[in-house]
Amino acid sequence: MRRKIVAGNWKMNKSLAQGLQLFDDIINSPDHQQTNVLTIIAPSFIHLSAVAEKVKTNPNIAVAAQNCHHLSSGAYTGEVSAEMIKSAGAEYVIIGHSERRLYNNETIDLLIQKVNIALKNKLTPIFCIGENSDERHSNKHLEAIKFQLKDTLFHLSAIDFGKLIIAYEPVWAIGTGVTATSHQAQGMHNFIRAEINKKYGKEISEQITILYGGSCNPQNAKELFSCLDVDGGLIGGSSLKATDFISICNSF
Ligand code: 13P
């Protein structure tokens with residue numbers, strides 16, 4: 001059975017002290033003790049090792065980086081490699097977020113390299129895909145997702161592909177307050193699973209975790225997570241307040 005996952009993407013928020021406080025508020029809350037859900041926190045790079053130190057002995061909480069560089073090391077001032085992230089104690093890394101594709105011009109070629117280097121360093125990529133609003137309105141959303149999967153991930157071997165977490169994040173839903181309906185989310189998650197089935201077979205398609213992201217909040221999480229092919233969420237804004245985030249973790 002696929003494990004339920006709720007991942008909080010803090011994006012560029014929280015000072016070191018504020019982040020550690022938020023983290024403590026989440027993990028120490030009596031309301032956040034469920035063992036059937038894996039909680040993943042993706043703070044900024046500066047929090048990684050301090051936060052990872054706190055989760056060392058807790059099998060229900062893990063830490064993710066929000067990005068990694070596509071090369072292993074070298075003269076790339078200001079960058080952080082997959083090896084560095086792993087050495088800080090993180091097990092996961094978000095790759096392909098639409099904000100990075102947009103603001104940092106991350107191309108397909110670059111994303112392929114990032115996925116490869118993350119896997120090489122034994123980090124689990126949480127790989128984001130999602131259509132923009134034009135694609136959705138012109139009914140090209142399925143085609144857009146099909147190409148994103150094929151172009152950035154289908155070069156992987158079945159063994160490597162099976163290690164991924166996919167996050168479906170429709171760009172029009174991120175930070176807008178407009179959430180995909182459960183019907184839209186289930187439709188797309190089911191489509192993604194079907195495409196994976198065609199390429200890698202039933203066993204892998206059934207085992208792969210597919211998260212929903214985009215204005216997911218304590219009010220709508222239950223309905224979204226009740227969908228058959230929605231295995232949890234990748235949460236932005238609502239991961240910045242402990243009570244909201246915990247409420248989402250308890251929405252299965
Ligand atoms: P919001 O939950 O703020 O819409 O952000 C979603 C997201 O981008 C998570 O990666």
Side-chain angles (χ1 to χ4, degrees), residues 4-14 18-19 22-23 26 37-45 47-48 51 62-68 85 90-104 106 111 114-115 118 123-133 135-136 141 144-145 148 152-153 164-182 184-185 188-189 192 209-225 227 230-252:
K4 305 295 183 192
I5 296 178
V6 176
N9 176 7
W10 290 359
K11 306 190 180 183
M12 197 173 74
N13 291 293
K14 305 289 176 191
Q18 290 167 340
L22 172 60
F23 192 79
I26 294 168
V37 180
L38 173 65
T39 301
I40 302 176
I41 301 290
S44 82
F45 287 130
H47 297 92
L48 276 186
V51 164
V63 182
Q66 297 175 16
N67 176 38
C68 68
I85 292 166
E91 300 290 335
Y92 298 82
V93 57
I94 297 173
I95 297 177
H97 195 284
S98 61
E99 286 153 12
R100 291 207 58 87
R101 294 185 197 235
L102 179 66
Y103 303 131
N104 299 80
E106 296 203 347
L111 296 177
K114 288 190 180 206
V115 169
L123 288 169
T124 298
I126 301 173
F127 194 85
C128 303
I129 52 178
E131 82 281 3
N132 61 32
S133 100
E135 288 163 336
R136 172 62 66 167
H141 49 293
I145 293 300
Q148 287 181 31
T152 44
L153 297 177
L164 302 180
I165 294 172
I166 307 275
Y168 168 57
E169 297 208 310
V171 178
W172 48 270
I174 296 177
T176 58
V178 181
T179 319
T181 62
S182 53
Q184 288 171 323
M188 185 58 92
H189 282 228
I192 293 167
T209 297
I210 308 176
L211 306 179
Y212 169 79
S215 297
C216 185
N217 60 41
Q219 287 71 46
N220 58 34
K222 228 184 184 77
E223 189 179 339
L224 286 161
F225 295 176
C227 300
V230 176
D231 303 314
L234 180 54
I235 318 298
S238 290
S239 70
L240 297 174
K241 202 172 148 205
T243 47
D244 285 355
F245 186 66
I246 292 167
S247 163
I248 295 173
C249 294
N250 288 332
S251 294
F252 292 97

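All ligand and atom numbering here is 1-based and tracks the order in the structure. What's counted below: heavy atoms across the whole structure, side chains too, no hydrogens, waters or symmetry copies.
Of all heavy-atom pairs spanning F45 and N67, the tightest one is CZ-O, 3.2 Å. Among all heavy-atom pairs drawn from E99 and I174, the shortest one is OE2-CG2, 3.5 Å.
The closest protein non-hydrogen atom to atom 2 (O) of ligand 1 is G236 N, 2.9 Å. For atom 3 (O) of ligand 1, the closest heavy atom belonging to the protein is G237 N, 2.8 Å.
When only interatomic distances are considered, the shortest N/O to N/O separation between T176 and ligand 1 does not fall below 3.5 Å. On a distance-only criterion, G175 and ligand 1 share at least one N/O pair closer than 3.5 Å.
Within a 6.0 Å sphere centred on CD of E223, other residues, nucleotides and ligands contribute 12 heavy atoms or fewer.
A donor-acceptor contact shorter than 3.5 Å is absent between the side chain of E131 and the backbone of R136. Formation of a donor-acceptor pair under 3.5 Å by the D231 side chain with backbone atoms of I210 is found in this model. Remark: side-chain polar atoms of T179 are paired, donor with acceptor, to backbone N or O of S215 under 3.5 angstrom.
Of all the atoms in ligand 1, the ones that sit under 4.0 Å from a non-hydrogen atom of K11 are 5 (O), 6 (C), 7 (C), 8 (O). Within ligand 1, counting atoms from 1 as listed, the ones closer than 4.0 Å to a heavy atom of H97 are 7 (C), 8 (O), 9 (C), 10 (O). Atoms of ligand 1 lying under 4.0 Å from any heavy atom of N9, numbered from 1 in the order shown and given with element: 9 (C), 10 (O). The distance from ligand 1 to the heavy atoms of L234 drops below 4.0 Å at these ligand atoms: 9 (C), 10 (O). Proximity to E169 (heavy-atom distance under 4.0 Å) selects the following atoms of ligand 1: 6 (C), 7 (C), 8 (O), 9 (C), 10 (O). For ligand 1 and A173, the ligand atoms under 4.0 Å from any heavy atom of the residue are 4 (O). Listed by atom number, the atoms of ligand 1 under 4.0 Å from G214 heavy atoms are 4 (O), 6 (C).
At a 4.0 Å heavy-atom cut-off, ligand 1 touches I174 through backbone and side chain alike.
If you check the side chains of E169 and H97, you find a donor sitting under 3.5 Å from an acceptor.
Using bins of under 30°, 30° to 60° and over 60° for the plane-to-plane angle, the ring pair H189/Y168 lands in the perpendicular bin.
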